[in-house]
2 protein chains.
Amino acid sequence: MPVLQPVQRQSLSDAVFEQLRGQILRGERRPGSALPAERALCEALGVNRSAVREALRRLEQAGLVVVRQGGTSRVRDFRESASLDLLPSLLLTADGHFDARVVRSILEMRSALGPDAARLAATRGGAACAQRLDAVVEAMRTDAADLAAQQQHATAYWGHLVDGSENVAYRLAFNALHATYDRVRTLLARAMQAEIRDSAPYAAIADAIRCADADRAEALARALLERGASGVLAALARVEGATAQESR
Amino acid sequence: MPVLQPVQRQSLSDAVFEQLRGQILRGERRPGSALPAERALCEALGVNRSAVREALRRLEQAGLVVVRQGGTSRVRDFRESASLDLLPSLLLTADGHFDARVVRSILEMRSALGPDAARLAATRGGAACAQRLDAVVEAMRTDAADLAAQQQHATAYWGHLVDGSENVAYRLAFNALHATYDRVRTLLARAMQAEIRDSAPYAAIADAIRCADADRAEALARALLERGASGVLAALARVEGATAQESR
DNA sequence: CTTGTCAACTGGTCATACCAATCTACTCGC
DNA sequence: GCGAGTAGATTGGTATGACCAGTTGACAAG
């Protein structure tokens with residue numbers, strides 16, 4: 001049965017934004033270099049100045065360009081000025097492949113934050129948090145056969161856990177990581193199945209949080225995340241090997 | 001001698017953006033609630049529609065609102081949709097005081113990421129990274145008397161260290177944390193002096209990185225960051241105590 | 001009660017004009 | 001010759017008004 005996906009609209013300013021962002025991220029527009037004048041961009045892109053200006057505002061908000069009245073807009077170095085919300089657009093390279101460095105970065109970050117979030121949730125989250133987690137674990141058990149559903153549940157689980165840590169910064173970072181993950185989750189389902197398929201570790205962490213056992217929660221979370229990380233890294237190594245072979 | 005600060009210009013769309021963002025972050029506009037129509041906002045704010053639209057684009061980019069053609073724009077729950085770049089605007093409450101929860105969150109995050117970044121830098125950064133760090137340490141020794149300069153150097157130090165970790169996600173998170181810190185750095189100078197004043201730990205970490213001693217780099221970084229964290233937490237407790245006393 | 005239609009919203013795009021800051025090149029005075 | 005000052009060109013910022021394109025909801029027809 002064909003699955004109908006909702007079509008995603010794209011306004012002109014969206015298109016302009018994505019085009020310029022892509023050029024900046026691919027290095028085609030170097031940091032410090034001047035952007036064409038707004039009126040020149042309008043003409044080159046065949047759109048109205050409003051569309052260009054709205055796109056520039058978004059680029060500015062994302063920390064990719066700096067705009068000064070009277071002067072010319074300039075490209076910023078996104079490695080110095082952008083925030084985590086740039087991660088989704090860095091994940092895939094121009095030719096549609098994963099950027100291995102970005103994947104590794106994400107795995108490392110969740111390995112650093114996840115266990116600490118679990119520790120804090122055990123310290124602060126209390127029974128209320130554990131109860132929400134248990135509900136998700138129950139759902140995982142119900143949909144044990146459906147890998148995609150397990151993925152959704154695992155994400156929801158971590159969302160509740162991070163909420164239980166009562167750490168805004170962790171929550172915002174989680175949002176960025178989640179947005180990145182979400183865009184490729186079907187591609188990663190198999191590689192991460194060792195982390196996703198088994199609901200027992202999730203139940204164990206929830207129990208540790210209920211018991212306010214911070215050390216146990218942290219250790220369990222670390223072990224759980226390690227499962228997925230090694231799976232993804234192995235898959236990545238296979239792909240890289242295959243690509244190397246191809247290019248011979 | 002009075003220090004002249006460069007005045008920061010604010011375009012109309014900047015003003016509109018900040019006003020709406022403030023209302024959303026303070027909870028005056030609830031998640032899910034409808035925003036006034038663009039034309040209504042124009043009239044209410046006394047600006048033209050372009051200014052409103054550009055501000056809405058920025059809010060959308062920041063994950064604070066969702067805009068659909070034909071429908072009404074709605075406020076999103078920033079706790080679920082915003083990224084780390086929101087941190088600076090969450091740090092200070094409406095009455096200009098620190099939000100203690102946000103401060104704690106930031107301290108926890110840097111305590112989680114900093115040591116791991118040091119570990120990775122020791123694994124990957126190599127002598128090149130250590131050399132850059134040493135240069136900063138040298139500058140710290142030169143400006144040992146100037147606390148503000150020490151702060152700048154410490155920030156630069158961590159920037160190079162994070163670069164040495166070769167982790168994009170860490171770098172982007174660092175940018176967001178840095179932007180947040182930068183906005184209040186003079187206020188925090190005293191509370192963090194135990195971390196900033198002494199250049200020896202920085203030199204030690206650089207040495208561990210040069211030796212590719214990941215465990216040592218991690219442990220030293222953890223200890224260093226702990227200094228500042230406890231200082232800030234103590235200052236925060238004092239302020240909270242004073243505020244509690246005031247409100248009696 | 002369901003279904004189709006239409007009118008009144010909403011945001012999206014466009015064209016044009018003018019204001020304000022900046023940059024550049026030239027001129028003037030030393 | 002060289003620096004300061006000035007005028008014009010260039011850039012982004014704001015304003016107005018019109019029209020296009022989706023969404024919504026009321027309402028009439030079945």
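In what follows, every chain begins at residue 1, and chains take the letters A, B, ... in the order their sequences are listed.
Of the candidates dG12(D), dC23(C), dT16(D), dT16(D) carries the atom nearest the Asn48(B) side chain, counting heavy atoms from C-beta on. Closest approach to the Val47(B) side chain among dT11(D), dT13(C), dA15(D) is made by dA15(D) (side chain taken as heavy atoms from C-beta onward). In the set dG12(C), dA21(C), dA15(D), dA21(C) carries the atom at the smallest distance from any side-chain atom of Gln69(A). Listed candidates were dA15(D), dG12(C), dT22(C). Nearest to the side chain of Val67(B) is dG12(C).
Between Gln10(A) atom CD and dG22(D) atom P there is a gap of 14 Å when expressed in whole angstrom units. dG13(D) atom C1' lies 14 Å from atom CZ of Arg58(B), rounded to whole Å. dG11(C) atom P lies 13 Å from atom CG of Leu59(B), rounded to whole Å. At whole-Å resolution of the value, CD in Glu38(B) and C1' in dT16(D) are 15 Å apart. Computed from coordinates, the Arg74(A) CZ to dC23(C) P distance equals 9 Å when rounded to whole Å. Atom-to-atom, CG of Leu45(A) to C1' of dT13(C) comes out at 15 Å; the value is rounded to the nearest Å. We find that CG of Leu12(A) is positioned 11 Å from P of dA15(C), with the value rounded to whole Å. One can place CG of Leu35(A) at 12 Å from C1' of dT11(D), the figure rounded to the nearest angstrom.
Using a 4.0 Å heavy-atom distance criterion, Ala37(B) is classed as a sugar-phosphate-only contact. Residue contacts shown for Arg68(B) are limited to sugar-phosphate atoms, with no base heavy atom under 4.0 Å away. Contact annotation for Arg57(A): backbone-only contact, meaning every heavy-atom pair under 4.0 Å involves sugar-phosphate atoms and none involves a base.
Between the side chains of Ser165(A) and Asn167(A), no donor-acceptor pair is found at a separation under 3.5 Å.
Of the residues near DNA chain D, Glu54(B) and Arg9(A), the one whose nearest nucleotide (by heavy atom distance) lies more toward the 5' end is Glu54(B). Nearest-nucleotide assignment on DNA chain C puts the 5′-proximal partner with Ser73(B), out of Ser73(B) and Ala51(A). If Leu56(B) and Gly46(A) are placed on DNA chain C by their nearest nucleotide, the residue sitting closer to the 5' end is Leu56(B).
For Arg30(A), the CZ atom is loosely surrounded, since the number of other residues' heavy atoms within 6.0 Å does not exceed 12. Around atom CD of Glu28(B), more than 12 heavy atoms belonging to other residues, nucleotides or ligands sit under 6.0 Å away.
Put simply, the side chain of Arg39(A) and the base of dG12(D) share a donor and an acceptor less than 3.5 Å apart. Taking 3.5 Å as the limit, the base of dG12(C) and the side chain of Arg49(B) contain a donor-acceptor pair of atoms between them.
The shortest heavy-atom contact between Asp143(A) and His153(A) is OD2-CE1, 2.8 Å.
Using a cut-off of 4.0 Å between Lys/Arg side-chain N and Asp/Glu carboxylate O, Arg171(B) and Glu108(A) are scored as not salt-bridged.
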